[in-house]
Amino acid sequence: MAKLQVEDGKVYTEVEEITRELAPLHIQIHRWAIADDPQLRQLLAKDNLDEDEKQQVLKAFDGYFEQLKQTAGYQFCDLIVLHPHTPNLDALLAKFDKIHTHDDDEVRYIVAGEAVFGFVRPDGSQVELTVQPEEYINVPAGTEHWFVLTPARRVKAVRYFTGTEGWVPKYTGTPIRRHQVVA
Ligand SMILES: [Fe+2]
């Protein structure tokens with residue numbers, strides 16, 4: 001279940017409240033179920049997945065990808081797997097934890113673990129949203145945001161792309177005022 005922390009420390013957990021707080025950003029959050037398939041659950045519980053295992057996971061969520069292909073022109077997806085023993089994890093995370101935008105929407109579907117998206121709202125206020133399994137999030141192009149892991153440092157997320165260029169950040173230089181992880 002997503003949680004949203006705003007700058008005065010208030011934490012929202014109700015979908016209606018989170019939707020209201022994020023409304024100025026036009027962020028979409030949906031709940032996409034993960035099938036209760038023992039083999040899939042086993043893969044999702046593993047820290048490290050080889051290429052073949054990643055493909056098996058992606059195949060399990062192919063129905064959602066088809067939907068995005070047909071309704072929103074998505075063409076590619078991959079599975080990002082991060083855990084405490086991921087090689088160069090800190091260097092990798094350092095690319096995500098500065099405020100940036102993209103020319104395309106950033107679309108993620110969390111399938112295991114959790115992570116935090118920070119956003120700069122149009123009034124300049126900064127909020128942090130913890131996303132968890134079964135949560136699909138669409139961050140519109142041009143939205144100032146950042147991404148960090150929670151202390152468990154584990155997440156698996158499907159990334160959906162409309163083009164072949166993949167993940168391209170444009171750093172805006174806006175400082176992050178808060179960097180707290182919602183417990
Ligand atoms: Fe991003």
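Numbers here simply count residues along the sequence, with the first being 1. Whatever order the structure lists them in is the order used to number ligands and atoms, beginning at 1.
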Could you list the residues that satisfy ring-ring contact (aromatic ring centres under 6.0 Å, His included) with Phe161, not counting sequence neighbours?
none
Measure the acute angle between the ring planes of His102 and His100, then classify it against the limits of 30° and 60° as parallel, tilted or perpendicular.
perpendicular
Measure up the His145 and Phe119 rings against each other and bin them: parallel (under 30°), tilted (30 to 60°), perpendicular (over 60°).
tilted
State yes or no: are the ring centers of Trp32 and Tyr109 separated by less than 6.0 Å?
yes
Does one side chain, of Gln126 or Glu7, offer a donor that lies under 3.5 Å from an acceptor on the other?
no
The Fe ion (ligand 1) neighbourhood, protein N/O/S only, threshold under 2.8 Å:
His100 NE2, His102 NE2, Glu106 OE1, His145 NE2
Testing the basics here: between Ala72 and Thr162, what is the closest heavy-atom pair and its distance to 0.1 Å?
O-CG2, 4.2 Å
